[in-house]
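Quick notes on the structure that follows.
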Amino acid sequence: MKSRSDVVTVDRVKLAAKRDKLSFSEQWDWWDWVASEDKEMAEVIEGLIEEFPEMQYFLRKIPEVHSNYLSVRYLNGTDPVIFGSLLYAVKNEKDSSRKDNQMFFYVDQKSLVTINLDDNTRGIMNTGERSAMLQQCNTARDGMFVLFRAILHYYHVGMDQFEMHLRELERKMESRNARTLMDQILEARFELLYWSNLFIPYSELMAAAREAYLDDIEDSRFFKQLQHRIERMERLFQHYEKEIDTLISIDNATSGVRGNEIMKTLTIVTSVCTPATAAGAIWGMNFENLPLIDKTWGVVLVIALILASMASMYVWMMMKGWTGDLLKLKPTKRPADDPGKRGESVRKG
């Protein structure tokens, strides 16, 4: 077994090259290998081909796979195997930044092989809870379900932080719906889209597991635990998508009402000022014989007529009900709106 201490960056996650083989319940093994460079990846591929000749089709495809990939094959036409790659984000409560990683995996009845699993997930799998679950697994496929369920922890952490930002955005919209809020809503939508796209392979994995193991998989509690956690995440995504759509609808409605009020205000101002505009146009003409132009009190009379016409126009529109108060959004403060008193749901795994 080789052990190396050099550390390089792969997809913004630092991976230390290593090759471990862990045995559980004397029924299956977990081959946990890390290749931090292209040269080391070639060595890992050749080493695994020697151990698992039936894996060479999948192993040869690794250098050209840069996205999520999943395939179900049957050794000898009967024994199912699942292999592929998983793109996921490593995110902890104490680390606000997320780090992307790509892991390759292969599972048959007695062996689970992972390549480039991140160190943080490896530490989670070494905790007492996860180690006990791995020891209780009778097959490698159950170990795979435990591992993928642990990786889903990062998605819950990402959703917890996303929910905090969304609640803050809702409070801003409730207190003062500024024009810049739409940009923040779109940022939240793209954040949700990011996590939702990362989650797609899990739905494919569940379908692939049923394809490979048929009814046998329904008796596995580890499969059911993963299934229930995936369903939790799906409900969260659906809820947040509806919530963001609601915020966009509210912003659009508010913008529409504001636009209507602005147009109504401009129309009223234009209509009221129309007599003054007409009088100014007429008496500003370059003619010698304009009415009242030679009278000392003519200017006063014309101004009085203009003001009276403007007042009459406004009173007429007011009697028609065409005038109204401008839209005024005032923040409504209630005890329940105190951010310190609002509970935030926390999903741990």
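Just so you know, residue 1 is the first one in the sequence shown, and it goes up from there. The analysis underlying the following values was restricted to heavy atoms, covering all of them including side chains, and did not include hydrogens, waters or symmetry mates.
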Intermediate values then yes/no, salt bridge (Lys or Arg N to Asp or Glu O under 4.0 Å), K224 and E231: CA-CA 10 Å; K224 292 181 179 179; E231 291 174 353; over 6 Å; no
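- Residues meeting the side chain to side chain contact (heavy atoms under 4.5 Å, CB included) test with S312, sequence neighbours left out: none.
- For the pairing with V146, the side-chain contact (heavy atoms from CB on, under 4.5 Å) check across M133, E129, Q225 returns one residue only, M133.
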Verdict with reasoning, E218 to R210, per salt bridge (Lys or Arg N to Asp or Glu O under 4.0 Å): CA-CA 8 Å; E218 301 300 333; R210 288 191 172 92; 3.5 Å; yes
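- Screening residues 63-72 for salt bridge (Lys or Arg N to Asp or Glu O under 4.0 Å) gives K61-E64 as the qualifying pairs, with residues at least two apart or on separate chains.
- With sequence neighbours left out, F24 forms a ring pair (Phe, Tyr, Trp, His ring centres under 6.0 Å) with W28.
- For E204, the side-chain hydrogen bond (donor to acceptor under 3.5 Å, both in side chains) test picks out no residue, with sequence neighbours left out.
- The side chain to side chain contact (heavy atoms under 4.5 Å, CB included) search around L193 returns F190, N197, not counting sequence neighbours.
- Listed by chain and residue number, nothing satisfies the side-chain hydrogen bond (donor to acceptor under 3.5 Å, both in side chains) test with T270 (two or more places apart in sequence, or in another chain).
- Between Y213 and F223, a ring centre-to-centre spacing not shorter than 6.0 Å is recorded.
- In this structure E187 satisfies the side chain to side chain contact (heavy atoms under 4.5 Å, CB included) test with no other residue, sequence neighbours excluded.
- In this structure H165 satisfies the side-chain hydrogen bond (donor to acceptor under 3.5 Å, both in side chains) test with no other residue, sequence neighbours excluded.
- E50 pairs by the salt bridge (Lys or Arg N to Asp or Glu O under 4.0 Å) definition with nothing, not counting sequence neighbours.
- The aromatic rings of Y155 and Y202 sit perpendicular, their planes meeting at an angle over 60°, well past the 30° parallel limit.
- With sequence neighbours excluded, the residues forming a side-chain hydrogen bond (donor to acceptor under 3.5 Å, both in side chains) with E46 are R60, listed by chain and number.
- A208 meets the side chain to side chain contact (heavy atoms under 4.5 Å, CB included) test with L70, V72; sequence neighbours excluded.
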For a quick test of your reading: what N or O donor-acceptor pairs under 3.5 Å do the side chains of residues 73-88 make, sequence neighbours left out?
from: R73; atom 1: NH2; to: Y57; atom 2: OH; distance (Å): 3.1
from: Y74; atom 1: OH; to: E211; atom 2: O; distance (Å): 2.9
from: S85; atom 1: OG; to: S67; atom 2: O; distance (Å): 2.5
from: S85; atom 1: OG; to: Y69; atom 2: N; distance (Å): 3.3
from: Y88; atom 1: OH; to: N101; atom 2: ND2; distance (Å): 2.9
from: Y88; atom 1: OH; to: D118; atom 2: N; distance (Å): 3.4
from: Y88; atom 1: OH; to: D118; atom 2: OD1; distance (Å): 2.4

Salt bridge (Lys or Arg N to Asp or Glu O under 4.0 Å) between R122 and D119, intermediate numbers included: CA-CA 5 Å; R122 186 176 297 107; D119 293 335; 2.5 Å; yes
